[in-house]
Amino acid sequence: MKKLRIIFIVILLIAWSMGTSVSAQEYRQPIHYKNQFRGVWIATVRNLDWPSKPGLKVRQLKKEYLKQLDKLRDIGINA
């Protein structure tokens with residue numbers, strides 16, 4: 001009974017390692033951002049992502065927003 005349990009665990013570990021190695025290879029492939037739709041959600045509730053604090057003037061809001069959009073564009077976000 002113990003031998004059967006050990007064999008079963010070894011088979012599960014082998015199957016699991018085969019599955020993870022395939023997905024790791026997928027992540028190593030080059031990423032073509034131009035052919036992909038990549039988007040984000042900018043949370044404004046309780047100033048989670050934007051703006052940095054409540055009560056900012058319009059000029060400061062625009063400056064922070066454009067800075068955030070520039071950072072997102074630099075990492076490949078296009079939507």
Side-chain angles (χ1 to χ4, degrees):
M1 190 69 161
K2 266 190 168 183
K3 283 184 180 183
L4 185 61
R5 183 178 284 175
I6 291 172
I7 291 172
F8 181 70
I9 290 172
V10 169
I11 290 172
L12 282 177
L13 288 173
I14 291 171
W16 177 77
S17 67
M18 289 173 62
T20 57
S21 65
V22 171
S23 62
Q25 288 174 356
E26 291 173 356
Y27 287 113
R28 287 188 214 123
Q29 293 178 354
I31 299 171
H32 303 286
Y33 293 113
K34 293 178 183 178
N35 299 330
Q36 295 180 350
F37 186 73
R38 295 178 170 259
V40 295
W41 182 277
I42 299 175
T44 58
V45 177
R46 294 187 184 173
N47 307 95
L48 289 176
D49 294 324
W50 177 82
S52 61
K53 57 186 175 184
L56 293 177
K57 297 186 187 269
V58 174
R59 176 179 252 156
Q60 292 169 313
L61 290 171
K62 285 182 181 179
K63 185 178 178 180
E64 282 186 9
Y65 188 64
L66 291 174
K67 186 177 177 181
Q68 181 117 9
L69 290 177
D70 289 338
K71 279 198 285 188
L72 293 170
R73 182 194 59 217
D74 292 342
I75 62 171
I77 303 300
N78 58 13

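Computed over heavy atoms, backbone and side chain alike; hydrogens, waters and symmetry mates excluded.
The salt bridge (charged side-chain N to carboxylate O under 4.0 Å, His left out) analysis of residues 66-79, with sequence neighbours excluded, yields the pairs D70-R73. Applying the side-chain hydrogen bond (donor to acceptor under 3.5 Å, both in side chains) test to residues at least two apart or on different chains, the pairs with a partner in residues 51-64 are S52-E64. Under the ring pair (Phe, Tyr, Trp, His ring centres under 6.0 Å) criterion, the residue pairs touching residues 48-79 are W50-Y65, with sequence neighbours excluded.
Under the side chain to side chain contact (heavy atoms under 4.5 Å, CB included) criterion, A43 pairs with W41, L48, D49, sequence neighbours left out.
When each of I75, L69, I77 is paired with V40, the side-chain contact (heavy atoms from CB on, under 4.5 Å) condition holds for I77 and for no other.
Contact between R38 and N78 at its shortest, heavy atoms only, is N-OD1, 2.7 Å.
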